[in-house]
Amino acid sequence: MATQNKVILTCAVTGSSHTPTMNIGIPVTPEEMVSQSVDAHSRGAAVIHIHARDPLTGRPSPDVGLFREYCAGIKEQCDAVISITTGGATGQTVEERLAVIKALQPELATCNLGTMNYGLFQMIPRYEGRWKYDWEEPYLESTRHEPFVSRFSDIEYMLTELTEETGCRFEFEAYDVGHLYTLAFYADQGLVKPPIFMQFVVGTLGGIGPDVENVVAMKQVADRLFGTDIQWSVLGGGRFQFDIVTAGAVLGGHVRVGLEDGIYLRRGRLADNNAEQVAKMVRILEELSRETATSAEAREILNLKGLDNVAF
């Protein structure tokens, strides 16, 4: 099919890694979340990946009501595929992180392929003495001693009961090569059905480093383990965002940008919003003679259940 050659562009609009002090363009309120998501879609993002934040402080939140408000607002204005996090933020329980999937039954949700150290504390020195909110520095510091938890039992629950309850499919997030082998184990057990949507997460402290060679290595392993069953994408953390994502596009992958992953548009220039990053990525893809997929085409490529079958 012609759609198989198209690039699924995901925009991760807010995340839980960066804090409000770092960039005032990070969406915090429901109005900002919906507006920036719709704008990112209009500029070429087929998939919108969302986390939630307290609208008063910008702190990451597992509040199902906030997620519902975001999703309903986005759905009202466009047909974007909405991918909801199950990673949430460090410090949130697995039960808190999965409650939103049970309630909203999205087309797509993330699945982190292992417990890991997810280091954000290294950003503290850059903003020392300039914090907008009291929670920001302690939150970042907590990642020095508190790992992100995703146990084998959690993954198995998501692949069985959660899938059966909600009909959602997963965007599998691999922070290192070992995570690919974890997913291959479950694929061999018949718990993961193609097409397998894989996100290579490159450049997070605790995961694989931000080198183009690592993207190549992960692609090679994924090709060997999954063959044609995989649809792989790549994101680059921090200042490496566009370098890594462009390399992924050159290698034939799908791509992800957004203020969750990086807060700059280019060196020395903070992004004003998510749409700016999406527009830049679309220009890069056009120069590479690669065409972005529409949301409808993304649904076809990933075999999603459709926007009429969600619970928001």
Counting distance only, does the side-chain N/O of R68 pair as donor-acceptor with the main-chain N or O of A311 below 3.5 Å?
-> yes

Taking NZ, NE, NH1 and NH2 as the nitrogens, is one of them in R283 or E286 under 4.0 Å from a carboxylate oxygen of the other?
-> no

State whether the side chain of T143 and the backbone N or O of L120 hold a donor-acceptor pair below 3.5 Å, judged by distance alone.
-> yes

Are V201 and F172 connected in the hydrophobic side-chain network, where two residues link if heavy atoms are under 4.5 Å apart?
-> no

Show your reasoning for whether side-chain contact (heavy atoms from CB on, under 4.5 Å) applies to T204 and Y118.
-> CA-CA 7 Å; T204 296; Y118 190 98; 3.6 Å; yes

Any chance you could measure E300, atom CD, to I8, atom CD1, to the nearest 0.5 Å?
-> 10.0 Å

Indicate yes or no for a side-chain donor-acceptor contact from N23 to the backbone of G25 under 3.5 Å, with no hydrogens or angles considered.
-> yes

With side chains defined as the heavy atoms from C-beta onward, is the minimum distance between L183 and V192 less than 4.5 Å?
-> yes

Do any N or O atoms from the side chain of R290 and from the backbone of I284 form a donor-acceptor pair under 3.5 angstrom?
-> no

Shortest non-hydrogen contact from K280 to R266?
-> NZ-CB, 4.0 Å

Has the side chain of N214 got a donor or acceptor atom that lies under 3.5 Å from a matching backbone atom of G209?
-> yes

Transitive ILVMFWY side-chain link Y181 to M116, under 4.5 Å | no

Distance in Å, I50 CD1 paired with E260 CD, rounded so as to fall on 0.5 Å steps = 11.0 Å

Have a look at V202 and tell me which of V215, V245, D261 forms a side chain to side chain contact (heavy atoms under 4.5 Å, CB included) with it.
-> V215

So, the side chain of E69 versus the backbone of G65: is there a donor-acceptor pair under 3.5 Å, distance only?
-> no

Are V250 and F200 connected, step by step, through hydrophobic side chains (Ile, Leu, Val, Met, Phe, Trp, Tyr) whose heavy atoms are closer than 4.5 Å?
-> no

Crowding at CD, E76 (>12 non-hydrogen neighbours, <6.0 Å) = no

Can E171 and S83 be said to form a side chain to side chain donor-acceptor pair (under 3.5 Å), step by step?
-> CA-CA 8 Å; E171 172 191 341; S83 172; 3.2 Å; yes

Where do Q231 and H254 land on the side chain to side chain donor-acceptor pair (under 3.5 Å) test, with the steps shown first?
-> CA-CA 8 Å; Q231 294 288 335; H254 303 293; 2.7 Å; yes

Taking the side chain from W135 and the backbone from T57, do they hold a donor-acceptor pair closer than 3.5 Å?
-> yes

When rounded to the nearest 0.5 Å, the distance separating CH2 of W131 from CD1 of I124 is 6.0 Å

Hey, are the side chains of W232 and Q199 touching, using non-hydrogen atoms and a 4.5 Å cut-off?
-> no

CD of Q189: more than 12 outside heavy atoms within 6.0 angstrom?
-> yes

Just wondering, are more than 12 heavy atoms of other shown residues or ligands nearer than 6.0 Å to CZ in R267?
-> no

Could you pull out the closest heavy-atom pair between G119 and Q122, with the gap in Å?
-> O-OE1, 2.8 Å

Just do the side-chain contact (heavy atoms from CB on, under 4.5 Å) check on E137 and Y127 with the steps written out, would you?
-> CA-CA 9 Å; E137 183 174 4; Y127 303 96; over 6 Å; no

Do I82 and L108 have side chains that get closer than 4.5 Å, going by heavy atoms?
-> no

Side-chain ion pair, E173 and R256, N-O less than 4.0 Å | yes

Going by atom types only, do N273 and Q36 share a side-chain donor-acceptor pair under 3.5 Å?
-> no

Can you tell me how far OH of Y175 sits from OG of S150, rounded to the nearest 0.5 angstrom?
-> 9.5 Å

Minimum-distance pair of heavy atoms, taken over all atoms of Y70 and P30 | CE2-CA, 3.7 Å

Do L259 and H18 come within less than 4.5 Å of each other through their side chains, counting heavy atoms only?
-> no

Can you check whether R59's main-chain N or O pairs, donor with acceptor, with D54's side chain at less than 3.5 Å?
-> no

Are any non-hydrogen side-chain atoms of R43 and V282 less than 4.5 angstrom apart?
-> no

By side-chain hydrogen bond (donor to acceptor under 3.5 Å, both in side chains) - contacts of Y139 (at least two apart) = none

Count the heavy atoms belonging to other residues, nucleotides or ligands that lie under 6.0 Å from CZ of R97, then report whether that count exceeds 12.
-> yes

Is the count of non-hydrogen atoms from other residues, nucleotides or ligands lying under 6.0 Å from Y157 atom OH greater than 12?
-> yes

E291 and K6 ion-paired at < 4.0 Å = yes

Residue list, salt bridge (charged side-chain N to carboxylate O under 4.0 Å, His left out) with D39, at least two apart or on another chain = none

Between E107 and R299, is the closest basic N to carboxylate O distance under 4.0 Å?
-> yes

More than 12 heavy atoms of other residues, nucleotides or ligands under 6.0 Å from CG of D188: is that the case?
-> yes

Kindly indicate, with the supporting measurements, whether the criterion side-chain contact (heavy atoms from CB on, under 4.5 Å) is fulfilled by V310 and C71.
-> CA-CA 10 Å; V310 298; C71 291; over 6 Å; no

Heavy-atom nearest pair, P147 first then N117, reads CB-OD1, 4.0 Å

Sub-4.5 Å side-chain heavy-atom contact between I101 and L162 | yes

Which pair of non-hydrogen atoms, one from L66 and one from A52, has the smallest distance, and what is that distance?
-> CB-CB, 4.2 Å

Does the T110 side chain pair with the main chain of T86, one donor and one acceptor, at a distance under 3.5 Å?
-> yes

Please step through side chain to side chain donor-acceptor pair (under 3.5 Å) for the pair T14 and R53, ending with a clear verdict.
-> CA-CA 8 Å; T14 193; R53 291 182 182 264; 2.6 Å; yes

Please examine the side chains of P60 and Q92, heavy atoms only from C-beta on, and report whether any two atoms are closer than 4.5 Å.
-> yes

With the threshold set at 4.0 Å, does a side-chain nitrogen-carboxylate oxygen contact exist between R130 and E136?
-> no

Using the side-chain contact (heavy atoms from CB on, under 4.5 Å) rule, take T19 and Y133 through it: C-alpha gap first, then chi angles, then the decisive distance, then the call.
-> CA-CA 9 Å; T19 68; Y133 297 104; over 6 Å; no

Do M158 and L180 belong together in a cluster built from hydrophobic side chains that touch within less than 4.5 Å?
-> yes

Calculate, to the nearest 0.5 Å, the distance between atoms CZ and CD1 belonging to R239 and I263 respectively.
-> 12.0 Å

Check whether any side-chain N or O of E32 sits under 3.5 Å from a backbone N or O of T29 as a donor-acceptor pair, and report yes or no.
-> yes

Which atom names give the shortest non-hydrogen contact between G58 and P20, and what distance separates them?
-> CA-CG, 4.0 Å

Is there a side-chain contact between Y264 and Q241, using heavy atoms and a 4.5 Å cut-off?
-> no

According to a 4.5 Å side-chain heavy-atom criterion applied to Ile, Leu, Val, Met, Phe, Trp and Tyr, with indirect links allowed, do L251 and F226 form part of one hydrophobic cluster?
-> yes

From D272 CG over to Q277 CD, what is the distance, rounded to the nearest 0.5 angstrom?
-> 10.5 Å

